[in-house]
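In what follows, every heavy atom counts, from backbone to side chain, and hydrogens, waters and symmetry copies are set aside.
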Amino acid sequence: LLLLLLINLPWYIVVGLREGWDMVRAMVVYQNFTRFLVGFDHIQPWWYYGKTITYDMFPFSPLFPTGLYLAWRNRTRLEWRLPALWAVVTILFFSCSSSKQGKYILTAAPAIAWLGLLVIDGMRNGLWQRYVHRFVQGWAVVLVIGFVITAVFVLPRYAGRIGGLEGLQQVHRVIDEKPGKIVSYDWPRSSLLYELGSPMAYVRSSRELYRWLHEGKLKAGDYILAHQRYLPQPGAEPGPTLFAPAPAEPYFEKVMSVKFNGTLDVYRVLPAAIGMSMPQTPEPLPLQWWNRFDTD
């Protein structure tokens, strides 16, 4: 850890001198401590990685419990002790965090695979040799053939639908026909930036968006991208993150809806919206100091 800090120290000093020390504080304190303890939008229960290991680390995950047991039995041997400690410490460390995503423990994947291979390597006598080896070998052949068929014949036919890229390409074509500024309701995901261009303006609350209209930061012909999860549902109380009042004529024109991380609605700002009086909007969430920086 000290070595990593030493390597990163020059970068933090340059960033602090160029962008201000609050930027360094956001990167070091917010990303490494606040998110670990608070979690925000990635809050998951303590057992979350028990679920993700099963499918993320397949086909070695079924062998992982046996590997840990044999590692304890052979704890004096480095080839068993090292991968077991590597896997267990990584999983326990990220399980203690409030913020959890399956990709956080990918650093444990080599250790889990190592333990699985040690288990397979130990299956050399009697029935283990006769049946289990054949089963593992046969399953490996099935996996390889299935992967090749999927990669060569299946995925190319559905590539545009994966992650909603096909829908974003439709949005791109519409905006190319009638160019305008694009504003994302909530911060834009990487694939959105990849397809529609970066940097992209974004707002975090409906109050901020309507203020932009009132101040002239949004003009007629500009576009607003909003996921349907941010639109108020009939009869529901508008929460602080919702786009309320919902965009509608005569101020907004709904251009299209596409599949992207759910359903993404595209609206065009109409001339009547320019300089409109401020409507009643939900009280937005308090702005934290780190929101000034796009540290993600």
Side-chain angles (χ1 to χ4, degrees), residues 41-42 44-45 47-67 83 87 90-91 94 99-121 123 131-177 182 184-198 200 223 225-231 254-266 296:
D41 55 345
H42 298 313
Q44 298 291 348
W47 46 262
Y48 175 73
Y49 291 120
K51 176 186 72 172
T52 62
I53 286 173
T54 303
Y55 48 80
D56 284 342
M57 309 298 181
F58 192 83
F60 291 108
S61 53
L63 300 171
F64 184 43
T66 304
T90 302
I91 295 167
F94 286 104
S99 179
K100 298 181 182 70
Q101 291 193 84
K103 60 187 177 184
Y104 290 174
I105 61 165
L106 283 179
T107 50
I112 293 174
W114 184 349
L115 284 173
L117 291 170
L118 285 175
V119 172
I120 294 173
D121 187 57
M123 299 175 182
Y131 297 110
V132 178
H133 261 202
R134 291 180 182 177
F135 173 78
V136 172
Q137 290 167 352
W139 185 242
V141 171
V142 171
L143 284 177
V144 170
I145 293 175
F147 176 80
V148 170
I149 292 174
T150 303
V152 176
F153 299 104
V154 179
L155 288 182
R157 298 177 59 187
Y158 297 95
R161 301 180 193 177
I162 298 173
L165 295 183
E166 195 172 72
L168 294 181
Q169 290 163 4
Q170 295 175 28
V171 176
H172 199 298
R173 288 192 290 270
V174 168
I175 295 176
D176 279 348
E177 290 176 5
I182 307 172
S184 175
Y185 192 88
D186 202 24
W187 57 276
R189 303 302 195 265
S190 54
S191 50
L192 195 68
L193 297 174
Y194 179 78
E195 285 295 331
L196 302 182
S198 176
M200 181 182 293
Y223 295 89
L225 311 180
H227 281 89
Q228 285 190 358
R229 62 175 174 268
Y230 292 122
L231 299 178
K254 185 174 180 178
V255 179
M256 63 193 310
S257 295
V258 297
K259 294 297 181 184
F260 172 69
N261 287 340
T263 302
L264 178 70
D265 288 344
V266 181
D296 283 333

Could you check I105 against M57 for side chain to side chain contact (heavy atoms under 4.5 Å, CB included), going step by step and ending with a plain yes or no? CA-CA 10 Å; I105 61 165; M57 309 298 181; 4.3 Å; yes

How far apart are the C-alpha atoms of H227 and D186, what are their side-chain angles, what is the distance that settles it, and do they pass the side chain to side chain contact (heavy atoms under 4.5 Å, CB included) test? CA-CA 9 Å; H227 281 89; D186 202 24; over 6 Å; no

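For the pair P110 and L106, the tightest heavy-atom approach, listed with the atom from each and the gap, is CD-O, 3.7 Å. The heavy-atom pair separating G116 from L63 by the smallest distance is O-CD1, 3.7 Å. Considering all non-hydrogen atoms of both residues, S257 and D265 come closest at OG-OD1, 2.5 Å. N261 approaches R189 most closely through the heavy-atom pair ND2-CG, 3.8 Å. Closest non-hydrogen pair, Q44 versus K100, comes out as O-NZ, 3.1 Å. The two residues S191 and L168 have their closest heavy-atom pair at O-CD1, 3.6 Å.
To the nearest 0.5 Å, the span separating CD1 on I120 from OG1 on T66 amounts to 11.0 Å. Residue Y49 holds its OH atom at 14.0 Å from OG1 of T54, rounded to the nearest 0.5 Å. To the nearest 0.5 angstrom, L225 atom CG is 9.5 Å from F260 atom CZ. To the nearest 0.5 Å, atom CZ of residue R173 and atom CD of residue E177 are 9.0 Å apart.
More than 12 heavy atoms of other residues, nucleotides or ligands shown are found within 6.0 angstrom of CZ on F58. Other residues, nucleotides and ligands contribute more than 12 heavy atoms inside 6.0 Å of the OH atom of Y55.
Between L264 and L192, the closest side-chain pair of non-hydrogen atoms falls below 4.5 Å. Inter-residue side-chain proximity for F60 and L117 is flagged as met; some heavy-atom pair is nearer than 4.5 Å. Between V171 and I182, every side-chain heavy-atom pair lies at or beyond the 4.5 Å cut-off. F94 places none of its side-chain heavy atoms less than 4.5 Å from the side chain of Q101.
A donor-acceptor pair under 3.5 Å is absent between the side-chain atoms of Y104 and the main chain of I91, judged by distance alone. Remark: the backbone N or O of G197 is not paired with any side-chain donor or acceptor of H172 at under 3.5 angstrom. A donor-acceptor contact shorter than 3.5 Å is absent between the side chain of S198 and the backbone of M200.
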